[in-house]
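What follows is a set of notes on a single structure, which appears directly below.
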Amino acid sequence: MGATAIHTEGLTKRYGGVAALDHLDLDVSQGEVVGFLGPNGAGKTTTIRLLLGLILPSEGRGEIFGLDCQRQPVETHRRLAFVAGEANLWPSLTGAETLHLLGRVQGQVDEAYRDELVARFELDPTKKIRAYSKGNRQKVILIGALMARPDLLVLDEPTSGLDPLMEQAFRHSIREARDLGQTVFLSSHIMSEVEALCDRVGILRAGKLVEMGTLTEMRHLSAVSVEATLDGAVPDLSGVPGVSAVQVDGRVLRCHVRDSIEPLLKVLATAGVTKLLSREPSLEELFLALYGGYGQGGETQS
Amino acid sequence: MRTPVPIGRSPGRVVADLTTRRAVRSAIIWGYIFGIAIAWSAISYTTIYKTQAQRDALAAAYGSNKATSALFGPAPQLQTVAGFTVFKISMTLIILGAVWGLLTSTRLLRGQEDNGRWEILLAGQTTRRGAAIQALGGLGIGVFMLWALTAVITVLTGLDSKVDIPAGPVLYFALAMVAPAVMFLAAGALTSQLAPTRRQAATYAASFLGVCYAVRMIADAGVGLHALIWASPLGWVEELQPLTSPQPLALLPIAAFTALLAVVAVRLAGNRDVGASTVPDRASRRPHLRLLSGPTGLAIRMVRPTVVGWWVAIAASGILFGLIAKSAGGTISGSSVQQVFSKLGAGGTGADAVLGVCFLVLAVLVAFLATGQLTAARSEESEGRLDHLLVRPVSRSSWLGRRVLVAIAVLVVAGVGAGAFTWIGAASQHAGVHFTTLLVAGLNLVPPAITIFGIGVLTFGVRPRATTIVVYTLLGWSLLVVIVGGIGAANHWVLDTSVFHQMASAPAVQPHWEANGVMTAIGVAGALLGGFAFRRRDLQGE
Ligand SMILES: Nc1ncnc2c1ncn2[C@@H]1O[C@H](COP(=O)(O)OP(=O)(O)OP(=O)(O)O)[C@@H](O)[C@H]1O
Ligand SMILES: [Mg+2]
């Protein structure tokens with residue numbers, strides 16, 4: 001791991017007594033691709049806007065490449081680019097004009113790469129922003145950030161509104177960035193996106209960082225899901241250690257197992273198993289397990 | 001499955017409810033302002049012009065004065081409280097009412113739509129046509145409230161033994177004062193269907209108002225074109241002649257015009273997509289990259305269409321004022337008359353004195369230009385576009401500083417243009433007013449605008465969400481004080497709060513360089529403090 005790209009110490013933002021972000025300590029190394037997850041209102045956007053100096057912390061501080069986010073915004077912004085999910089641009093400018101403007105303001109543009117991105121995202125840059133669909137507007141913002149090839153990409157739900165093909169183009173571009181050693185900080189609700197791209201994942205809940213680690217590390221904390229097809233009656237699993245979320249569908253049994261799978265196997269062996277599938281949880285399942293709440297314990301489609 | 005329970009009393013009428021609530025709320029505020037302005041005018045007349053001799057002198061001064069007639073409308077019966085009140089206040093209320101109408105309807109029709117709220121409402125129970133009809137109904141209830149409050153306060157004023165105007169004519173007078181609001185509510189409803197955004201809808205309607213005012217002005221300027229009065233909706237209002245020689249037949253064109261606008265608006269609403277415009281908006285073009293190299297160029301490019309519009313309006317008004325200055329000035333050369341005229345803020349003789357009053361109108365236009373610059377800057381922030389600049393290597397102070405400089409340049413050009421174009425008009429009539437005098441008078445218009453702008457920047461730095469309301473309140477207040485208080489009745493503490501009162505009526509008198517210096521200093525200090533505060537606050541949306 002190289003030097004730090006993002007570093008925060010007790011970063012806190014309160015709105016009228018309510019903490020939208022509560023003493024966040026976060027470190028992202030240079031060259032890492034880090035995912036940032038959390039339910040609506042968890043404080044992801046707040047964190048990002050604090051790092052960008054768009055809002056001021058109530059307490060604590062943040063650094064980007066060792067520069068203070070609040071006191072040296074211009075210097076930090078020279079090395080980063082930002083994409084927000086809610087795209088408001090100047091309606092009377094065309095896509096090309098907007099990209100030109102953003103490039104000039106940024107002060108650095110890889111023009112060949114910009115043209116490549118325009119082609120990759122199939123953007124018609126002669127259209128006015130007013131006439132673009134939501135997804136096309138999002139592409140303008142994405143290209144505007146990627147074309148600068150900054151050291152750090154800060155992305156807040158960058159693919160909102162993009163179709164699946166464009167989602168692929170986005171992932172391709174992020175991998176390119178990572179291969180060039182750029183750091184990526186990606187907040188997203190699309191779990192497959194985070195799973196496919198990120199080295200590490202942080203999970204925020206009610207303003208607090210509840211989990212931070214690689215996907216492998218996080219999977220160890222969580223249950224494995226098991227699907228067994230039996231030829232006899234389904235045995236009672238209530239006493240088996242580590243088993244939860246049991247679902248029976250005819251002769252098919254689904255459940256989660258934590259720690260060792262051995263006790264479960266012993267019970268199933270006596271019941272006559274014809275088929276056994278075990279699968280590590282997807283990030284989406286991890287996420288749902290962590291948050292509990294809606295549909296807790298229910299199996300998600302896989 | 002549970003069946004969904006409708007929220008509120010009547011789901012099918014949600015647009016009507018929403019529009020009514022908002023229109024009525026703002027109509028109540030403006031109804032008070034209308035009523036109090038009328039009462040203030042009437043009562044100040046009875047306290048200043050106590051004797052018949054004084055009243056006759058006043059009538060002799062203004063009765064056939066073409067300059068004031070062009071600006072404020074004719075003044076047939078200045079010997080009476082009623083006649084004076086109509087002359088003194090009606091043009092102000094006519095303009096305010098029209099502006100209220102067009103802003104309210106574009107805000108409630110187009111603004112809601114731009115925010116995407118109509119899509120939510122329409123997805124429910126109503127069609128687009130239905131929604132437009134409901135909104136118009138809501139606006140109608142709002143304007144009725146405006147009329148009712150104006151009428152009630154004026155009737156109460158009329159009960160005063162010195163004012164003594166009976167209730168019947170007062171109700172008709174209130175109707176005349178609200179008629180422009182009605183017509184421009186409808187006009188705003190129509191432009192809301194034509195334009196692609198709320199801002200543009202309001203601009204279209206405001207330009208139409210400008211044309212109406214200019215046409216009426218030419219008709220009243222005593223240059224033999226009085227028949228033109230029937231070509232302007234504001235002329236119809238004038239022809240109602242409330243309190244002097246009522247002519248209710250003029251209500252016919254007003255009603256017909258309003259109905260026509262409303263019907264066309266509803267038709268168009270039914271025929272277009274939500275969020276789309278009727279006037280074709282070219283979707284693509286080859287890139288024009290000029291000016292797009294940084295925040296300054298962007299600011300210039302974004303404000304350019306509106307600023308050019310205001311510049312043209314100021315230049316056109318200047319030419320018009322210049323054209324009428326000499327002939328109108330001829331009517332006020334008597335010495336007793338000058339004294340009265342100077343109470344309106346204009347000393348001097350002839351064309352100079354007329355232009356002194358005319359430049360007040362130009363000062364208001366320049367001030368509007370200043371407020372427009374500020375609200376444009378604020379909407380860059382509230383609509384999130386500013387984020388794209390500030391997350392790049394652009395500091396907050398440099399962004400705001402550039403916008404302030406652009407705004408000041410815009411104001412100075414407007415001031416110079418006001419002077420220069422007035423000179424062109426005056427010179428063509430051989431009015432004998434020097435170019436430099438008018439140029440200085442034009443620059444004299446800038447400090448009040450800078451004061452309003454600076455206080456606006458301060459508000460922007462400290463309480464961004466209040467920016468728009470603070471600058472427009474300041475401007476409206478200053479205007480009301482100088483017009484209603486100009487006759488001499490108002491307390492000087494009140495008068496001093498008006499930036500237009502602080503401004504000397506150049507070219508009728510020499511500019512007060514000291515007052516201008518103080519106003520500029522207030523503006524600059526406000527801008528600096530505002531910039532300082534802006535650096536240490538959160539960016540804030542709507
Ligand atoms: N300007 C504000 N005033 C008051 N509260 C705010 C403001 N901005 C954010 N909040 C609150 O702060 C909390 C965190 O919001 P934030 O936008 O950071 O959430 P998020 O994680 O980005 O959610 P989402 O996934 O929906 O984008 C929320 O409870 C929100 O209501
Ligand atoms: Mg968010």
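For clarity, every value in this text was computed on a predicted model and none was experimentally measured. Letters A, B, ... are given to chains in the order of the sequence lines, protein chains preceding strands, and every chain is numbered from 1.
Taking 4.0 Å as the cut-off between side-chain N and carboxylate O, B:Glu381 and B:Arg378 count as a salt-bridged pair.
By the 6.0 Å and 45° rule, A:Arg79 stacks over the aromatic ring of A:Phe65.
With respect to chain B, the highest number of heavy-atom pairs below 4.5 Å among A:Lys127, A:Glu97, A:Arg104 belongs to A:Glu97. Of the residues considered (B:Leu539, B:Leu291, B:Asp538), B:Asp538 shows the highest number of contacts with chain A, using heavy-atom pairs under 4.5 Å. Across A:Thr76, A:Leu101, A:Thr98, A:Ile141, the residue that shares the most heavy-atom pairs under 4.5 angstrom with chain B is A:Leu101. Annotation: maximal heavy-atom pairing with chain B below 4.5 Å, among A:Val154, A:Leu80, A:Ile129, A:Leu102, occurs at A:Leu102. The residue among A:Asp124, A:Leu50, A:Leu52, A:Leu54 with the most heavy atom pairs within less than 4.5 Å of chain B is A:Leu54. Interface remark: of the candidates B:Arg396, B:Arg535, B:Gln540, B:Arg396 forms the most heavy-atom pairs closer than 4.5 Å to chain A.
Taking a 6.0 Å sphere around CZ of B:Arg463, one finds it holds 12 or fewer heavy atoms contributed by other residues, nucleotides or ligands. Around CG of B:Leu289, the count of heavy atoms belonging to other residues, nucleotides or ligands within 6.0 Å exceeds 12.
With a 4.5 angstrom heavy-atom cutoff, B:Arg385 touches chain A via backbone and side-chain atoms both. Contact of A:Leu93 with chain B is made through backbone and side chain together, with heavy-atom distances under 4.5 Å.
Ring orientation note: the planes of B:Phe534 and B:Phe460 are tilted relative to one another, at an angle of 30° to 60°.
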Step by step, would you call A:Arg61 with A:Thr8 a side chain to side chain donor-acceptor pair (under 3.5 Å)?
CA-CA 6 Å; A:Arg61 54 193 297 275; A:Thr8 70; over 6 Å; no
